[in-house]
Amino acid sequence: MSENTVREAICRFGRSLFERGLTPGSSGNISVRLDDGGWLVTPTNASLGFLDPARLSRLDARGDLVSGDAPTKEVPLHTALYQTRDAARAVVHLHSTHSVAISMLPEIDPRAALPPLTPYYLMRCGQTALVPYHRPGDPAVADAIKGLAGKYASVLLANHGPVVSGDTLEAAVFAMEELEETAKLYLLLRGLNPRHLSPQQVDDLVKVFGLTLPHSDHHTDPTGG
């Protein structure tokens with residue numbers, strides 16, 4: 001895929017996410033790693049709904065700005081995911097309402113923030129980690145992500161928002177959408193004792209689709225990222 005095609009795809013997916021209310025104002029950011037080791041990332045203070053392909057931040061393999069506008073302050077967050085997940089080629093970070101809400105609840109297991117409610121949650125996201133609060137742009141968030149040792153493609157930043165990596169931009173966006181829908185389901189069903197997928201049903205998905213669940217005995221990758 002050419003760099004120009006990647007630029008257009010970032011803007012197209014960004015507008016789609018923004019127009020459906022998945023990240024408000026100038027929140028959220030998207031990056032894609034390029035074949036030369038550098039990457040494209042959305043600029044700081046840019047709305048995902050109104051991105052200009054020519055003004056996306058072009059970084060080299062060291063993370064230094066080569067062209068375009070100044071990059072998002074969340075570069076350390078993206079960098080940490082690329083460094084710990086070798087297959088990651090894209091990262092999406094949003095401030096989507098239901099996922100942010102989940103990150104604030106006291107009962108959330110930091111090793112599995114959401115239960116296995118649907119097969120597509122497991123197929124797209126695997127399990128989701130919750131990392132402690134850090135202010136936006138704090139380099140310490142990179143250390144928190146690195147502490148997950150690349151086991152998670154799907155992460156919630158406490159009181160902040162979700163971040164998801166994928167082996168393509170499309171995969172990362174689809175996983176993000178699935179995470180937000182699952183968070184919405186969790187909140188709708190909270191306190192109603194919903195029926196989760198059984199361990200046997202989870203095992204079947206793992207075997208058929210080759211999923212990785214960090215806190216199980218299974219060892220293949222759920223999202224490719």
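Residue numbers start at 1 and run along the sequence shown.
With sequence neighbours left out, the salt bridge (charged side-chain N to carboxylate O under 4.0 Å, His left out) criterion links Glu8 to no other residue. Not counting sequence neighbours, the partners of Lys184 by the salt bridge (charged side-chain N to carboxylate O under 4.0 Å, His left out) test are Glu181. Among residues two or more places apart in sequence or in another chain, the side chain to side chain donor-acceptor pair (under 3.5 Å) test is passed with Arg12 by none. Under the side chain to side chain donor-acceptor pair (under 3.5 Å) criterion, Thr97 pairs with no residue at all, not counting sequence neighbours. Annotation: side chain to side chain contact (heavy atoms under 4.5 Å, CB included) contacts of Arg62 (sequence neighbours excluded): Asp60, Asp64.
A donor-acceptor contact shorter than 3.5 Å links the side chain of Glu180 to the backbone of Ser99. In terms of modelled atom types and a separation under 3.5 Å, the side chain of Arg85 and the main chain of Gly150 share a donor-acceptor contact. Although no hydrogens or angles enter the test, the distance criterion places no donor-acceptor pair under 3.5 Å between the side chain of Ser96 and the main chain of His98. In this structure a side-chain-to-backbone donor-acceptor pair under 3.5 Å is missing from Arg124 to Ala175. Checking side-chain atoms of Thr42 against main-chain N and O of Ile30 turns up a donor-acceptor pair under 3.5 Å. Without hydrogens or angle criteria, Arg15 side chain to Phe50 main chain gives no donor-acceptor distance under 3.5 Å. Side-chain atoms of Ser31 do not come within 3.5 Å of backbone N or O of Leu40 as any donor-acceptor pair. His134 places a side-chain N or O within donor-acceptor distance of the main-chain N or O of Pro132, the cut-off being under 3.5 Å.
Linking Ile, Leu, Val, Met, Phe, Trp and Tyr residues whenever their side-chain heavy atoms come within less than 4.5 Å places Leu197 and Phe209 in a single cluster. Under the 4.5 Å side-chain contact rule for hydrophobic residues, Val208 and Tyr120 share a cluster. Placement of Val100 and Phe18 in two distinct hydrophobic clusters is found when ILVMFWY residues are connected by side-chain heavy-atom separations under 4.5 Å, directly or transitively.
Residues Asp167 and Ala171 share a closest heavy-atom pair of OD1-CB, 3.6 Å. Considering every non-hydrogen atom in both Tyr82 and Ala90, the closest pair reads OH-CA, 3.5 Å. Residue Ala88 comes nearest to Arg33 through the heavy atom pair O-NH2, 2.6 Å, listed as atom of the first residue, atom of the second, then distance. Shortest non-hydrogen contact noted between Arg58 and Gly38 is NH1-CA, 4.0 Å. Listed here is the closest heavy atom pair of Val32 and Trp39: O-CB, 3.0 Å. Of all non-hydrogen atoms in Leu51 and Cys11, the two that sit nearest each other are CB-SG, 3.6 Å.
To the nearest 0.5 Å, the span separating CE on Met104 from NE2 on His160 amounts to 10.5 Å. The distance from the OG atom of Ser16 to the CG atom of Leu22 is 8.0 Å, given to the nearest 0.5 Å. Here the CG atom belonging to Leu157 is positioned 10.5 Å from the OH atom belonging to Tyr133, to the nearest 0.5 angstrom. Residue Thr118 holds its OG1 atom at 5.0 Å from CD of Glu178, rounded to the nearest 0.5 Å. The line from OG1 of Thr168 to CZ of Phe174 is 8.0 Å long, rounded to the nearest 0.5 Å.
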Next item on the list: Take Thr44 and Asp69 through the test side chain to side chain contact (heavy atoms under 4.5 Å, CB included) and record every step on the way to the result.
Entry: CA-CA 8 Å; Thr44 187; Asp69 292 349; over 6 Å; no
Next item on the list: Evaluate the criterion side chain to side chain contact (heavy atoms under 4.5 Å, CB included) for residue pair Glu74 and Val163; output intermediate values, then yes/no.
Entry: CA-CA 11 Å; Glu74 302 289 8; Val163 56; over 6 Å; no
Check: Could you go step by step and tell me if Val66 and Leu59 meet the side chain to side chain contact (heavy atoms under 4.5 Å, CB included) rule?
Finding: CA-CA 5 Å; Val66 174; Leu59 307 183; 5.9 Å; no
Next item on the list: Go through Ile10 and Leu56 one step at a time and tell me if the side chain to side chain contact (heavy atoms under 4.5 Å, CB included) criterion holds.
Entry: CA-CA 9 Å; Ile10 289 173; Leu56 296 178; 4.1 Å; yes
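Contact check for Leu81 versus Ile145: side-chain heavy atoms found under the 4.5 Å cut-off. Looking at Ile102 and Tyr186, their side chains come closer than 4.5 Å, going by heavy atoms from C-beta outward. By the 4.5 Å heavy-atom criterion applied to side chains, Pro24 and His95 are counted as neighbours. Side-chain contact between Leu156 and Val131: absent, with no pair of heavy atoms (C-beta onward) separated by less than 4.5 Å. The side-chain heavy atoms of Val92 and Leu17, taken from C-beta on, include a pair separated by under 4.5 Å. With a 4.5 Å cut-off on side-chain heavy atoms, Thr72 and Ser57 do not count as touching. Residues Leu130 and Ser103 meet the side-chain proximity criterion, which asks for heavy atoms closer than 4.5 Å. Residues Val206 and Leu213 have side chains in contact (heavy-atom distance under 4.5 Å, counting atoms from C-beta outward).
Here salt bridge (charged side-chain N to carboxylate O under 4.0 Å, His left out) pairs that include residues 108-118, with residues two or more places apart or in two chains, are Asp109-Arg111.
When each of Leu179, Val164, Leu114, Leu211 is checked for a side chain to side chain contact (heavy atoms under 4.5 Å, CB included) with Cys125, only Leu179 meets the rule.
Residues Asp35 and Arg89 are paired through a salt bridge, judged by an N-O separation under 4.0 Å between the basic side chain and the carboxylate.
Remark: the Thr128 side chain and the Tyr121 side chain contain an N/O donor-acceptor pair separated by less than 3.5 Å.
Taking the centre of each ring, His93 and His78 stay at or above the 6.0 Å mark.
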